[in-house]
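Computed from heavy atoms alone, side chains included, the values below leave out hydrogens, waters and symmetry copies.
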Amino acid sequence: MERNKLIKLVIAIVLSLVAWLIPAECYGIDGLTVIEQRVIAIFIFAALMWIFEAIPIWTTSVLIMGLLLVTVSSSMFAPFKAAAGDTLFGTPIAYKEVMAAWADPIVMLFMGGFALAIAATRTGLDVNIARVVLKPFGKKSEMVLIGFMLVTAVLSMFMSNTATAAMMLAIIAPVIKLLPPEGKGRIAVTLAIPLAANIGGIGTPIGTPPNAIALRYLHEIMPENEIGFGQWMMIMVPFVIILLTISYFLLLKFFPFTKKEINLKIDGKFRKDRKSIIVYVTFAVTVLLWLLDKQTNLNANVVAFIPLTVFCVTGIIGKEELKMINWDVLWLVAGGFALGVGLNGSGLAKHFIESIPFDSWEPWVVFASSGLLCCVMSTFMSNTASAALLVPILAAIATGMGDSIADLGGTVTMLVGVAISASLAMALPISTPPNALAHATGVVTQGQMAKVGIIIGLIGIVLGYAVLMLAVKLGLL
């Protein structure tokens, strides 16, 4: 391990041990139990490790689950058990609940989405979709830019943002060469890909992990009012279109084209072999069932198992393809859920919100500060990690504030707003993998990325909360 990462690791461990060992009175929370204090220490460790990235962030998630199991679960290591007569030890968390985070339905939803993406790439479906959809946009530079943004956004709704950005950046590589080096048009085209990938992921529950994390906690708080796949898209797709439109005009303003026409050529034909046809049909049926989940009574998580089952049974996905699933993302999401189990199962979340005088806080302050905090955190660390840290706490806060936040859209606006804010953190190359890929082309500087990313992020957060509040008021969410 390099020295810089080792120092960060030591800092995280030391601060976490301090949080573990200091007297409970230091937290200013009456009646804080030993179990709750341990969860605070693990939470601090998780936050620091996700921010510092001293080890891979998915590894931190695995470590979190391990720490929860051996230190605060009902099957904890013997030395960590309560001493005789310790009335403030607290109630251990059921170890099965911590382990169940890995098999959470949302994790299965993502696994189905990854299966679709792998099959689409294997059969060339993704490239052919891009070729067909881009064709109507002609040769005019501004229209080609719209085409790239739309295709990237649509693919990002159902595929990994990173995989979509990587594919689209490969497609635009010859386009970049056609544009004059001294012009700014090549910057617009290159920046359009990460912008559209990040924004497009907001459009569906599986588009990006923060969406799924927010939905999972919403279902926990309001099981009777679960947001369906199609219901989510009905609200979020128009929001995505509006934000893409704003992004488009910003790109043209900052980086106008000097060359007015682009001759775009993307090779490839739709295959007609058995496996390809199975992928086409399964892809279409899966998306249709997701959109009609309210009518079919098939939960989106259940539908996600259809492509996974079909592709495995037909041999489209085998052992090698299974290795291509983004297991690191799945572990990261599961670790965030496990942390939520720790916060709620230990009673810390409830205890925490009861100690904060929310009655003296204006609801809009809570909403605005949580959205901005999540965006700032996600700028420097994983969007998923940021959502995994904040959503469980905000879910507890929303429950504690009750009817006081009803006029602003309640729990739905608070949690989904944070998920949107996480996706809109795209000011730096390190903010998201699509940003890093675009910056790696050498066409876009960090300053250019920040200029557009900050503006879109701020506009998007304000617009996102406004759309959510309106949707709740109209009874759409």
Any donor-acceptor pair under 3.5 Å from Ser73 side chain to Val70 backbone: no
Can the positive tip of Lys5 be found less than 6.0 Å from the middle of the six-membered ring of Phe52, inside 45° of the ring normal? no
Testing Asn161, Val240, Thr208 for side chain to side chain contact (heavy atoms under 4.5 Å, CB included) with Ser423, which one passes? Thr208
Run the ring-centre check on Trp327 versus Trp58 and record whether the distance is less than 6.0 Å. no
Point-to-point distance, once rounded to the nearest 0.5 Å, from CD1 of Ile317 to CE of Met324: 9.0 Å
For Phe89, look at atom CZ and say whether over 12 heavy atoms of other residues, nucleotides or ligands are found less than 6.0 Å away. yes
Is it the case that the side chain of Glu97 and the backbone of Ala94 share a donor-acceptor pair, with hydrogens and angles ignored and the cut-off at 3.5 Å? no
Enter the distance from Ile187:CD1 to Met449:CE here, rounded to the nearest 0.5 Å. 11.0 Å
Heavy-atom side-chain proximity of Thr91 to Ile35 below 4.5 angstrom: no
Has the side chain of Ser378 got a donor or acceptor atom that lies under 3.5 Å from a matching backbone atom of Ala425? no
Scan Ile241, Ile455, Ile456 and name whichever one has a side chain to side chain contact (heavy atoms under 4.5 Å, CB included) with Ile246. Ile456
Is Tyr465 reaching over with its side chain to a backbone N or O of Leu408, donor-acceptor style, under 3.5 angstrom? no
If you take all heavy atoms of Val444 and Thr190, which pair is closest and at what distance? CG2-CG2, 3.6 Å
Please report the interatomic distance CZ(Phe305) to OG1(Thr286), rounded to the nearest 0.5 Å. 13.0 Å
State the OG-CH2 distance between Ser61 and Trp50, to the nearest 0.5 angstrom. 4.5 Å
Any donor-acceptor N/O pair, Gln37 side chain to Val34 backbone, under 3.5 Å: no
Distance in Å, Ile13 CD1 paired with Ile44 CD1, rounded so as to fall on 0.5 Å steps: 14.0 Å
Please examine the side chains of Leu476 and Gln231, heavy atoms only from C-beta on, and report whether any two atoms are closer than 4.5 Å. no
Is there a side-chain contact between Ile199 and Leu243, using heavy atoms and a 4.5 Å cut-off? yes
Side-chain donor/acceptor of Arg38 to backbone N/O of Thr71, under 3.5 Å: yes
Let's go through Glu25 and Leu32 carefully: what are the C-alpha distance in whole Å and the side-chain angles of both, what is the deciding distance for side chain to side chain contact (heavy atoms under 4.5 Å, CB included) to 0.1 Å, and is it a yes or a no? CA-CA 8 Å; Glu25 295 77 21; Leu32 187 72; over 6 Å; no
So which heavy atom on Ala196 is nearest to which on Leu244, and how close? CA-CD2, 3.8 Å
Go through it in stages, so that I can follow the logic: the residues are Phe311 and Leu116, the test is side chain to side chain contact (heavy atoms under 4.5 Å, CB included), and I'd like the CA-CA distance, side-chain angles, deciding distance and then a yes or no. CA-CA 9 Å; Phe311 296 152; Leu116 280 177; 4.0 Å; yes
Atom pair CE/CD1 of Met234 and Ile227 - distance to nearest 0.5 Å: 10.0 Å
Would you say that Leu343 contacts Ile393 through its side chain, given a criterion of any heavy-atom pair below 4.5 Å between the two side chains? yes
Between the side chain of Thr59 and the main-chain N/O of Ile55, is any donor-acceptor distance below 3.5 Å? no
Closest non-hydrogen contact found for Ala101 with Ala334 is CB-O, 3.6 Å
Leu424 side chain near Ile202 side chain, heavy-atom distance below 4.5 Å: yes
Identify the heavy atoms of Met65 and Ala338 that sit nearest to each other, and give their distance. CG-CB, 3.6 Å
Under a 4.5 Å cut-off applied to non-hydrogen side-chain atoms, are Leu69 and Ser75 in contact? no
Can you say whether the rings of Tyr217 and Phe337 are parallel (under 30°), tilted (30 to 60°) or perpendicular (over 60°)? perpendicular
Report the C-alpha separation of Met414 and Leu468 in whole Å, then their side-chain angles, then the decisive distance to 0.1 Å, and conclude whether the side chain to side chain contact (heavy atoms under 4.5 Å, CB included) test is met. CA-CA 9 Å; Met414 182 177 283; Leu468 288 170; over 6 Å; no
Would the distance check show the side chain of Thr152 and the main-chain N or O of Met149 forming a donor-acceptor pair, the cut-off being under 3.5 Å? no
Side chains of Asn198 and Asn383: any donor to acceptor distance under 3.5 Å? no
Side chains of Met426 and Asn435: does their closest heavy-atom pair fall under 4.5 Å? yes
Less than 4.5 Å apart, any side-chain heavy atom of Leu215 and any of Leu415? no
